Amino acid sequence: MTKRPWWSRLWRRLRPPRRLEITREGRYFVFITVAVGLAAINTGNNLLYLVLGWLLSTIVASGAMSDMSLRGIRVHRRPPPRVFANRPFLMEIAVDNLKRGLSSYSLEVEDVADGTRVDKTCYFLKVPPGRAQRTSYRHTIGRRGLVRFDGVRVASRYPFNLFRKSRYIEDPVELLVYPEVRPLPPPAPRAHALGETASRQIGRRGDFFGLRDYRHGDDRHDIHWKSTARAGRLMVREYEQEAERRATVVVDNALPDDAGAAERDALERAISLAASLANAYIASGYQVRLVTRGAALPFSGGPMHLERILRELALLPAATADVPFAASLPPRTDNVLVVPAGVPRAGAPAGVTHVLEAGA
């Protein structure tokens, strides 16, 4: 995590704990208060002084009650387990009232991401003492990678809507945004991948091979209960796999040093296409491997492996053309090379069977 500059830390210590903004109704109210005050001073009318005192006491009461409404508040942010670029998601906001005997009224919660306010506001009419209220707002992030949520700003116009008093609560969270995944038709199986000959590798089909410890994501129907009872831990069956369907998704993430916005946008589209391809292959039962310039993931399948591929693509940086691909391409597999459109290529790895150019 990057360290904040010293002036930012100094301002965070010196800034006031509350921020006060006057509303349109509040400006009218203050104008009337000033007018009544001038009239009372000029005329000496006791009735005007009485009205002036009532107006001033209303302003004081508004400030005190809104301040009590903001005290003892704790805000939690609960993002969904998966967030994709350019796809709307619901961010849950939970407000806990830690006060014992006082409720908090008319709370507005605004999220702050990367130093800017999120354009959605969550509203809580009443949070009873010792209770929590939850709501969600819909948000869309237009880019992949790590997005930093700095904190939340809690505001209240209670009780008369004359002033908007707000308080900033720091709650830094980094949210990993996966590349945009678009629906693609299932890939056509290759002829060599449909044989019935059993291999000596471990798979999900075929003859019984042996027993091993249970891993997260294994099918519970494969649990061998007798061996589990003897060993005292979950044991599952392993099978010899048939000649399986395999695919390698290769991403050419090379960009020239003077790459502009158009080239970088083309790379983002290529990464999105690679994520969509991996999703389509895994959904069709393929064993998928990801190869990029500088990194590679081994063959595997299932939702957990798709999660690893999406995470790798979400954090994939641009490389230079002199960085080689991290692994060679095996024969008898679908080896798909994804390249950004309009970016000069520095050569494709040997064994590529398909080349896809990510267009607009």
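Please read all numbers here as calculations on a predicted model, not as lab measurements. Residue indices begin at 1 and follow the sequence shown.
- Arg82 CZ: more than 12 foreign heavy atoms inside a 6.0 Å radius.
- The structure places CZ of Arg131 at 11.0 Å from CG of Asp96, a figure rounded to the nearest 0.5 Å.
- Judged by distance alone, the side chain of Arg293 and the main-chain N or O of Val323 form a donor-acceptor pair under 3.5 Å.
- Annotation: the span from Asn279 atom CG to Leu310 atom CG amounts to 7.0 Å, rounded to 0.5 Å.
- Rounded to the nearest 0.5 Å, atoms CG (Asn253) and OG1 (Thr292) are 5.0 Å apart.
- Panel note: side chain Thr333, backbone Pro330; a donor-acceptor pair is recorded below 3.5 Å.
- Using a 4.5 Å heavy-atom cutoff, the side chains of Leu70 and Leu107 are in contact.
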Stepwise side-chain contact (heavy atoms from CB on, under 4.5 Å) test for Val338 and Leu277: CA-CA 10 Å; Val338 182; Leu277 279 173; 3.7 Å; yes

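- Note on Arg144 versus Glu268: salt bridge recorded, some NZ/NE/NH1/NH2 to OD/OE distance being below 4.0 Å.
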Stepwise side-chain contact (heavy atoms from CB on, under 4.5 Å) test for Tyr49 and Ile41: CA-CA 8 Å; Tyr49 277 113; Ile41 293 174; 4.1 Å; yes

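- Residue Leu329 comes nearest to Gly351 through the heavy atom pair CD1-C, 4.0 Å, listed as atom of the first residue, atom of the second, then distance.
- Between Leu297 and the options Val291, Ile309, Val288, a side chain to side chain contact (heavy atoms under 4.5 Å, CB included) holds for only Ile309.
- You'll find the side chain of Val339 reaches within 4.5 Å of the side chain of Glu357, heavy atoms only.
- Side-chain contact between Tyr105 and Pro159: absent, with no pair of heavy atoms (C-beta onward) separated by less than 4.5 Å.
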Could you check Thr23 against Phe29 for side-chain contact (heavy atoms from CB on, under 4.5 Å), going step by step and ending with a plain yes or no? CA-CA 10 Å; Thr23 64; Phe29 195 88; over 6 Å; no

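- Salt bridge annotation for Arg269-Asp265: absent, with no cationic side-chain nitrogen under 4.0 angstrom from a carboxylate oxygen.
- A distance of 9.0 Å separates CZ in Arg138 from NZ in Lys120, rounded to the nearest 0.5 Å.
- A donor-acceptor contact shorter than 3.5 Å is absent between the side chain of Ser69 and the backbone of Met65.
- Looking only at distances, no side-chain donor or acceptor of Asn97 sits under 3.5 Å from a matching main-chain atom of Gln133.
- Val147 and Leu316 are assigned to two separate hydrophobic clusters, defined by single-linkage of ILVMFWY side chains at heavy-atom distances under 4.5 Å.
- Nearest heavy atoms, Pro129 versus Arg100: CB-O, 3.3 Å.
- Closest approach of Ser272 to Pro179, counting heavy atoms only: CA-CB, 4.3 Å.
- Considering only heavy atoms from C-beta on, Tyr168 stays 4.5 Å or farther from Arg19 through its side chain.
- Checking side-chain atoms of Ser276 against main-chain N and O of Arg182 turns up a donor-acceptor pair under 3.5 Å.
- Rounded to the nearest 0.5 Å, atoms OG1 (Thr135) and CD1 (Ile93) are 9.0 Å apart.
- Between Tyr281 and Tyr286, the ring planes lie perpendicular to each other; the angle is over 60°, past the 30° to 60° tilted range.
- Judged by distance alone, with hydrogens and angles left aside, the side-chain atoms of Lys99 form a donor-acceptor pair with the main-chain N or O of Arg71 at under 3.5 Å.
- The backbone N or O of Arg157 sits nowhere less than 3.5 Å from a side-chain atom of Asn161 that would complete a donor-acceptor pair.
- Within the 3.5 Å criterion, the main-chain N or O of Gly53 finds a donor-acceptor partner in the side chain of Ser57.
- Hydrophobic clustering (ILVMFWY, side-chain heavy atoms < 4.5 Å, transitive): Tyr28 and Phe160 are in distinct clusters.
- In terms of heavy-atom proximity, Pro172 sits nearest to Arg148 at CB-NH2, 3.3 Å.
- Contact of the Arg167 side chain with the Ile73 side chain is registered, since non-hydrogen atoms from C-beta on lie closer than 4.5 Å.
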Step by step, would you call Arg87 with Glu180 a side-chain contact (heavy atoms from CB on, under 4.5 Å)? CA-CA 7 Å; Arg87 182 185 298 180; Glu180 181 181 6; over 6 Å; no

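- Note on Arg164 versus Glu110: salt bridge recorded, some NZ/NE/NH1/NH2 to OD/OE distance being below 4.0 Å.
- Counting only heavy atoms from C-beta outward, the side chains of Arg308 and Ser300 approach each other to under 4.5 Å.
- With contacts defined as side-chain heavy-atom distances shorter than 4.5 Å, the pair Phe325/Asp252 qualifies.
- Annotation for Gly142 and Asn86: closest pair CA-OD1, 3.3 Å, computed over non-hydrogen atoms.
- Counting only heavy atoms from C-beta outward, the side chains of Arg230 and Met235 never approach each other to under 4.5 Å.
- A distance-only check finds no donor-acceptor pair linking the side chain of Arg246 to the backbone of Phe299 [under 3.5 Å].
- Annotation for Pro185 and Ala280: closest pair O-CB, 4.2 Å, computed over non-hydrogen atoms.
- With a 4.5 Å cut-off between side-chain heavy atoms of Ile, Leu, Val, Met, Phe, Trp and Tyr, the cluster of Leu50 takes in Leu47.
- Between Leu184 atom CG and Ser284 atom OG the span is 10.0 Å, to the nearest 0.5 Å.
- Residues Leu356 and Leu267 share a single hydrophobic cluster, defined by chaining ILVMFWY side chains whose heavy atoms lie under 4.5 Å apart.
- Linking ILVMFWY residues whenever their side-chain heavy atoms come closer than 4.5 Å, directly or via other members, places Ile22 and Leu55 in the same cluster.
- A chain of hydrophobic side-chain contacts below 4.5 Å, direct or via other Ile, Leu, Val, Met, Phe, Trp or Tyr residues, connects Val109 to Phe89.
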Can you list the steps and then say if Tyr123 with Ser106 is a side chain to side chain donor-acceptor pair (under 3.5 Å)? CA-CA 7 Å; Tyr123 183 75; Ser106 186; 3.2 Å; yes

